[in-house]
Amino acid sequence: MTIVVTGGAGFLGHHLVKLLLDKGKSVVVMDSLWTGSQENIAEFASNPNFRHILCDVREPLPDVEDLEQIYHLACPASPDDFERAPIEILETCFLGTRNVLELATVRRARVLLASTSEIYGDPEVSVLPESYRGNVNSFGPRSCYDEGKRTLEALAFSYRLKNNVETRIARIFNAYGPYMAAKDGRAVPNFIGAAMDGQPVKIYGDGSATRCFQYATDCVEGLYALMNSDYDKPVNIGSDLEMAVSDIANKVTRVVAEKLGQKAPVAVQYLPKRVDDPTRRKPDITLAGEVLGWSPKVSLDDGIAQTVDWFLEKHGNPKSLM
Ligand code: NAD
């Protein structure tokens, strides 16, 4: 049995591939290294159960024998990328997902698609159950990603209807942890990088927007449980510990200050809010508990400490982050 992980050289991809190899599975990563890196998969290279095919999912995918499951993670996920490459992101969401579902049709493989909390847009409700249909701006700087991922879900439904493809949909909420790219623009690596370099951390907006951060290993265990469950409708995978972004920044800067022996945590600099950036985001994870027996386990304190340790070890010279 072979499992394909598209986007396996990315942040979540690394943790998922590790989990699968640790379970003795045979894994083929398909990744163009657009936002991922060879470094993220270097430790798997000597494992005979591991193979990396350098390819872009926007092109038809290479055939894989004995293919049983495909985790489709390939897609940039940072707001900076939404500005840099919106057309390529839309192509990746539509053409990439279609190519994955075509391969699954031929090989009769089950597919797990990485969807996102962003499909809910800027929500009008405080806690997000899977039944909430969202408040998305189709014409704005985030729409390439938000609408792209909504298209991914629609493709899943359509391929199930027309081709009987077995699909699983994970609506992933903010994840963080080791193996995030230092410069990809997402909050936690941004905060750690700035704090390590003694620079003010930048927050878009007044800091009162909320997020719930889940640790990477929790997230990929949720993906694994969903893939191997019988549940075939969308499931939220996230933490329900809601915090203001400024509180998360303060937590990160305190940990970095302690570990580096800085006299005080670095300051926070507030920048104009990004257009359409959601003001609240908290998942209802009741369904994941009921159908998968899954809930996040790693505390924010432990997760932040482990992530900061990893960044310090990887980027010994803080200047290399900037
Ligand atoms: P990431 O950028 O670290 O990883 C994405 C990987 O996909 C990279 O290795 C990149 O090179 C590869 N990739 C991108 N476009 C590709 C293409 N066209 N062809 C081949 N490879 C391509 O991002 P991540 O945080 O690991 O996210 C993984 C998936 O999870 C994404 O689909 C993302 O939308 C989804 N997701 C992530 C989060 C999160 O908080 N990390 C939240 C919601 C959803």
Side-chain angles (χ1 to χ4, degrees), residues 4-18 28-42 52-62 70-82 84-100 111-120 128 142 144-153 169-190 211-220 222-223 226 234-239 278 281 283 296 303 307:
V4 162
V5 180
T6 76
F11 154 55
L12 287 177
H14 167 90
H15 293 278
L16 179 62
V17 171
K18 180 166 179 5
V28 174
V29 162
M30 295 187 187
D31 197 305
S32 64
L33 304 182
W34 176 7
T35 55
S37 69
Q38 197 74 51
E39 257 184 313
N40 280 358
I41 46 175
H52 172 213
I53 301 175
L54 186 67
C55 63
D56 191 316
V57 296
R58 291 176 292 170
E59 304 295 331
L61 299 180
I70 307 174
Y71 289 86
H72 177 41
L73 270 57
C75 186
S78 159
D80 285 3
D81 292 317
F82 309 165
R84 271 193 291 258
I87 298 169
E88 292 85 347
I89 288 176
L90 277 165
E91 287 174 349
T92 297
C93 287
F94 179 71
L95 298 175
T97 305
R98 191 185 65 180
N99 288 331
V100 163
V111 182
L112 180 141
L113 299 162
S115 184
T116 167
S117 54
E118 303 281 349
I119 63 106
Y120 298 118
L128 296 163
R142 300 178 82 89
C144 61
Y145 187 69
D146 301 7
E147 297 291 5
K149 290 288 185 173
R150 289 174 75 93
T151 305
L152 164 143
E153 293 199 9
I169 297 175
R171 290 184 180 156
I172 303 170
F173 283 65
N174 295 73
Y176 73 98
Y179 297 92
M180 292 186 95
K183 293 178 185 163
D184 86 355
R186 284 181 273 185
V188 171
N190 269 1
R211 294 291 182 270
C212 301
F213 280 94
Q214 63 177 327
Y215 194 61
T217 52
D218 279 335
C219 178
V220 299
L223 302 187
L226 177 58
V235 180
N236 290 339
I237 300 290
S239 159
R281 186 186 285 154
T307 307

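Both ligands and their constituent atoms are indexed starting at 1 by order of listing. The first residue of the sequence shown is numbered 1, and numbering continues consecutively from there.
Side-chain contact annotation: H72 with T6, donor-acceptor N/O pair under 3.5 Å present.
Between C75 and I89, the shortest heavy-atom contact is SG-CG2, 4.3 Å. Minimum heavy-atom separation, E153 to P234: OE1-CG, 4.0 Å. Here the shortest heavy-atom pairing between C144 and L90 reads O-CD2, 3.5 Å. Shortest non-hydrogen contact noted between I119 and R150 is O-NH1, 2.5 Å.
With distances taken over non-hydrogen atoms, the option nearest atom 15 (N) of ligand 1 out of Y176, F11, W34, Y71 is W34. Looking at Q38, R186, H14, M180, it is R186 that brings a heavy atom closest to atom 24 (P) of ligand 1. Scanning I237, L61, D56, V188 for the heavy atom closest to atom 18 (N) of ligand 1 points to D56.
In terms of polar-atom proximity, T116 is not counted as a contact of ligand 1, lacking any N or O under 3.5 Å from an N or O of the ligand. For ligand 1, the polar-atom distance check against P76 finds no nitrogen or oxygen pair separated by under 3.5 Å. In terms of N/O distances under 3.5 Å, ligand 1 is not approached by A77. At least one N or O atom of T92 sits closer than 3.5 Å to an N or O atom of ligand 1. Of the polar atoms of I172, none of the N or O atoms is found under 3.5 Å from an N or O of ligand 1, judged by distance alone. Backbone and side-chain nitrogen or oxygen atoms of V57 are examined, and one is located within less than 3.5 angstrom of a nitrogen or oxygen of ligand 1. For ligand 1, the polar-atom distance check finds an N/O of D31 within less than 3.5 Å of one of the ligand's N/O atoms. Of the polar atoms of M30, none of the N or O atoms is found under 3.5 Å from an N or O of ligand 1, judged by distance alone.
Atoms of ligand 1 lying under 4.0 Å from at least one heavy atom of C55, given by number and element, are 19 (N), 20 (C). Less than 4.0 angstrom separates some heavy atom of L33 from each of these atoms of ligand 1: 11 (O). Short contacts between ligand 1 and S32, defined as distances under 4.0 Å to a heavy atom of the residue, involve ligand atoms 16 (C), 17 (C), 19 (N), 20 (C), 21 (N), 22 (C). Heavy-atom contacts of L12 reach the following atoms of ligand 1: 26 (O), 30 (O), 37 (C), 41 (N) (cutoff under 4.0 Å). Ligand-side atoms of ligand 1 in range of K149: 31 (C), 32 (O), 33 (C), 34 (O), range being under 4.0 angstrom from any heavy atom. Residue G36 approaches ligand 1 through these ligand atoms, each under 4.0 Å from one of its heavy atoms: 8 (C), 9 (O), 10 (C), 11 (O). Ligand 1 places these atoms under 4.0 Å from at least one heavy atom of N174: 40 (O).
In this structure, the separation between NE2 on H52 and CG on L33 is 4.5 Å, given to the nearest 0.5 Å. Atom OG1 of T217 sits about 9.5 Å away from atom CD of Q214, to the nearest 0.5 Å. Note that the CG atom of N99 and the CG atom of L61 stand 5.0 Å from one another [nearest 0.5 Å].
Contacts between S115 and ligand 1 below 4.0 angstrom, taking non-hydrogen atoms only, involve the backbone exclusively. Counting heavy atoms closer than 4.0 Å to ligand 1, residue E91 contributes nothing at all. Both the backbone and the side chain of T35 come within 4.0 Å of ligand 1, counting heavy atoms alone.
Heavy atoms of R171 come nearer than 4.0 angstrom to ligand 1 in no pair at all. Ligand 1 lies within reach of Y145, whose nearest heavy atom is under 4.0 Å from it. Within the structure, the closest approach of H72 to ligand 1 does not fall below 4.0 Å when heavy atoms are considered.
Distance from atom 40 (O) of ligand 1 to its nearest protein heavy atom, with residue and atom name: A175 N, 2.8 Å. In terms of protein heavy-atom proximity, atom 4 (O) of ligand 1 is closest to G10 CA, 3.4 Å. Protein heavy atom at the shortest distance from atom 14 (C) of ligand 1 is C75 N, 3.4 Å. Among all protein heavy atoms, the one lying closest to atom 29 (C) of ligand 1 is L73 O, 3.2 Å.
The aromatic rings of F173 and Y120 sit tilted relative to each other, their planes meeting at an angle between 30° and 60°. A perpendicular orientation is assigned to the rings of F213 and Y176, their planes being inclined by more than 60° (bins at 30° and 60°).
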Check step by step if side-chain contact (heavy atoms from CB on, under 4.5 Å) holds for C212 and N174.
CA-CA 6 Å; C212 301; N174 295 73; over 6 Å; no
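Taking 4.0 Å as the cut-off between side-chain N and carboxylate O, E118 and K149 do not count as a salt-bridged pair.
When the salt bridge (Lys or Arg N to Asp or Glu O under 4.0 Å) test is applied to E88, no partner is found at least two apart in sequence or on another chain. Every residue two or more places apart in sequence or in another chain that forms a side chain to side chain contact (heavy atoms under 4.5 Å, CB included) with A170 is listed here: L112, I172, L223, L226, I237.
Judged by distance alone, the side chain of D31 and the main-chain N or O of A9 form a donor-acceptor pair under 3.5 Å. Under a 3.5 Å cut-off, the side chain of D56 and the backbone N or O of S32 do not form any donor-acceptor pair.
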